[in-house]
Peer 1: 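Here it is: the structure, laid out below.
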Amino acid sequence: MVRRALIAGNWKMHMTTGQAKALAARVGEAAKQATDRDVLVAPPFTAIPAVAGALAGSEVIIAGQNVCWEEQGAYTGEISPVMLKDLGATAAIVGHSERRQIFGENDDLINRRVTGALGFGLTVVLCVGETLEERESGQTLAVLETQVQGGLEQVSGEDLARIVVAYEPVWAIGTGKTATTEQAQEAHAFIRRLIGKRYEKGLADQMRILYGGSVKPANIDELMAQPDIDGALVGGAALDAESFGRIINFK
Ligand code: 13P
């Protein structure tokens with residue numbers, strides 16, 4: 001099964017509109033050569049219009065870093081799927097570990113975001129991953145199972161085509177510590193087996209599973225050589241056009 005690779009940049013809470021425009025233009029250039037893979041950027045909400053302008057006519061996918069499930073209403077501080085689409089985004093990251101850890105989002109809330117976003121036609125990048133404490137106490141696979149099952153509750157096999165799972169071990173995010181390729185491959189294969197059991201093997205084989213956590217130009221090639229790693233969700237290195245360009249053009 002050949003899955004099309006997806007390299008995604010999560011800009012987190014970085015980039016004013018001017019900075020975002022300049023970075024997006026360079027990402028657009030780097031993505032031009034990468035015709036056999038998909039590229040996605042997730043700017044902060046405020047920079048999406050500038051990024052959409054800079055990427056007009058490009059194939060680069062634009063995503064929100066989070067999304068509400070309702071079209072509109074009394075949800076102070078939230079952004080709806082319709083609003084994201086209005087700005088030119090076609091995808092949203094949901095359940096990032098920073099949302100879970102800093103803002104207290106749980107699997108229930110994350111699942112509402114996932115189903116809402118799918119319902120309005122967005123693609124969803126669902127993030128899962130264990131903390132260092134969970135890994136050290138041998139709970140990694142159990143945590144992944146709970147987060148994958150919880151996040152995908154009520155999601156149909158048909159809608160699964162618009163789900164990308166990102167495995168991001170919390171201890172590898174922004175720490176410079178990457179999971180070893182074996183650790184990442186083991187987690188990815190486990191997630192794919194889970195999806196296969198819950199849905200069917202054919203759907204699991206088609207699903208893209210990204211690795212995230214200190215992905216850099218120096219480790220992307222080795223990660224992408226793993227059979228169940230279909231792409232990367234890049235934080236810090238996505239803020240630098242040259243590094244992200246090299247990651248997009250992994251070998
Ligand atoms: P870093 O690449 O900075 O470790 O961040 C990973 C991440 O959280 C992407 O969503």
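As the structure lists them, so they are numbered: ligands from 1, and atoms in each ligand from 1. In this text the structure is predicted, and so the values were computed from the model without any measurement.
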Peer 1: Side chain, backbone, both or neither: which part of Asn10 comes within less than 4.0 Å of ligand 1 when only heavy atoms are counted?
Peer 2: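 Side chain only.
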
Peer 1: With only distance considered, is Gly174 within less than 3.5 Å of ligand 1 through an N or O on each side?
Peer 2: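 Yes: some nitrogen or oxygen of Gly174 is under 3.5 Å from one in ligand 1.
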
Peer 1: Where is the tightest heavy-atom contact between Cys127 and Arg100, given as atom of each residue plus distance?
Peer 2: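 That closest heavy-atom pairing would be O-NH2, 2.8 Å.
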
Peer 1: What I want to find out is whether Arg26 reaches Glu29 closely enough, with some N-O distance under 4.0 Å, to be called a salt bridge.
Peer 2: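 Between Glu29 and Arg26 there is no salt bridge, as every charged N stays at least 4.0 Å from the carboxylate O atoms.
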
Peer 1: For ligand 1, is Ser214 a contact, meaning one of its heavy atoms is under 4.0 Å away?
Peer 2: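 True for this residue.
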
Peer 1: Heavy-atom contact under 4.0 Å between Ala237 and ligand 1?
Peer 2: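 So Ala237 does not count as touching ligand 1.
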
Peer 1: Is the ring pair Tyr75/Trp69 parallel, tilted or perpendicular, if the boundaries are 30 and 60 degrees?
Peer 2: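 Geometry flag for Trp69 against Tyr75: perpendicular rings.
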
Peer 1: Side-chain contact test, heavy atoms from C-beta onward, threshold under 4.5 Å: evaluate it for Leu84 versus Ile79 and give yes or no.
Peer 2: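 They are in contact (side-chain heavy atoms under 4.5 Å apart), so the answer is yes.
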
Peer 1: Starting from atom 9 (C) of ligand 1, which protein heavy atom do you reach first, and at what distance in Å?
Peer 2: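 Checked against all protein heavy atoms, atom 9 (C) of ligand 1 sits closest to Glu168 OE2, 2.9 Å.
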
Peer 1: Near Glu153 CD, under 6.0 Å, is it more than 12 heavy atoms from other residues, nucleotides or ligands?
Peer 2: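 Yes, CD of Glu153 has more than 12 neighbouring heavy atoms, counting only those of other groups under 6.0 Å.
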
Peer 1: Quick one: do the Gln19 and His14 side chains pair a donor with an acceptor below 3.5 Å?
Peer 2: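 There is no such pair (donor and acceptor under 3.5 Å, judged by atom type) between the side chains of Gln19 and His14.
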
Peer 1: At a 4.0 Å cut-off, with the gap strictly under it, does some heavy atom of Gly176 reach an atom of ligand 1?
Peer 2: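 Not so, Gly176 does not reach ligand 1.
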
Peer 1: Near Leu233, which atoms of ligand 1 are under 4.0 Å from a heavy atom of that residue?
Peer 2: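 Heavy-atom distances to Leu233 below 4.0 Å select 9 (C), 10 (O).
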
Peer 1: Among protein heavy atoms, which sits nearest to atom 2 (O) of ligand 1, and what does the distance come to when rounded to 0.1 Å?
Peer 2: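 Atom 2 (O) of ligand 1 sits closest to the protein heavy atom Gly235 N, 2.9 Å.
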
Peer 1: Looking at atom 3 (O) of ligand 1, what's its closest protein heavy atom, distance included?
Peer 2: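 Among all protein heavy atoms, the one nearest atom 3 (O) of ligand 1 is Gly236 N, 2.8 Å.
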
Peer 1: Taking a cutoff of less than 4.0 Å between a non-hydrogen atom of the residue and any ligand atom, is Lys216 in contact with ligand 1?
Peer 2: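 Contact check Lys216 vs ligand 1: negative.
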
Peer 1: Any idea which protein heavy atom is nearest atom 5 (O) of ligand 1, and the distance to it?
Peer 2: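 Here the closest protein heavy atom is Lys12 NZ, 3.3 Å.
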
Peer 1: Under 6.0 Å from the ring centre and within 45 degrees of the ring axis: does the NZ or CZ of Arg99 meet both conditions for the six-membered ring of Phe103?
Peer 2: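 Yes, Arg99 sits over the ring of Phe103.
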
Peer 1: Would you say Glu59 has more than 12 foreign heavy atoms packed within less than 6.0 Å of its CD?
Peer 2: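 No, because the 6.0 Å sphere around CD of Glu59 holds 12 heavy atoms or fewer from other groups.
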
Peer 1: Just which atoms of ligand 1 are under 4.0 Å from any heavy atom in His96?
Peer 2: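 It comes down to these atoms of ligand 1: 7 (C), 8 (O), 9 (C), 10 (O).
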
Peer 1: Taking 4.0 Å as the limit for heavy-atom contacts, which would you say applies to Ala172 with ligand 1: side chain only, backbone only, both, or neither?
Peer 2: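 Only the backbone of Ala172 comes within reach of ligand 1.
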
Peer 1: In terms of atom number and element, which parts of ligand 1 are under 4.0 angstrom from non-hydrogen atoms of Gly213?
Peer 2: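 Under 4.0 Å from Gly213, ligand 1 has these atoms: 4 (O), 6 (C).
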
Peer 1: Is there a path of hydrophobic side-chain contacts, each under 4.5 Å between heavy atoms of I, L, V, M, F, W or Y residues, that connects Ile247 with Tyr167?
Peer 2: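 Per the 4.5 Å side-chain linkage, Ile247 and Tyr167 are co-clustered.
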
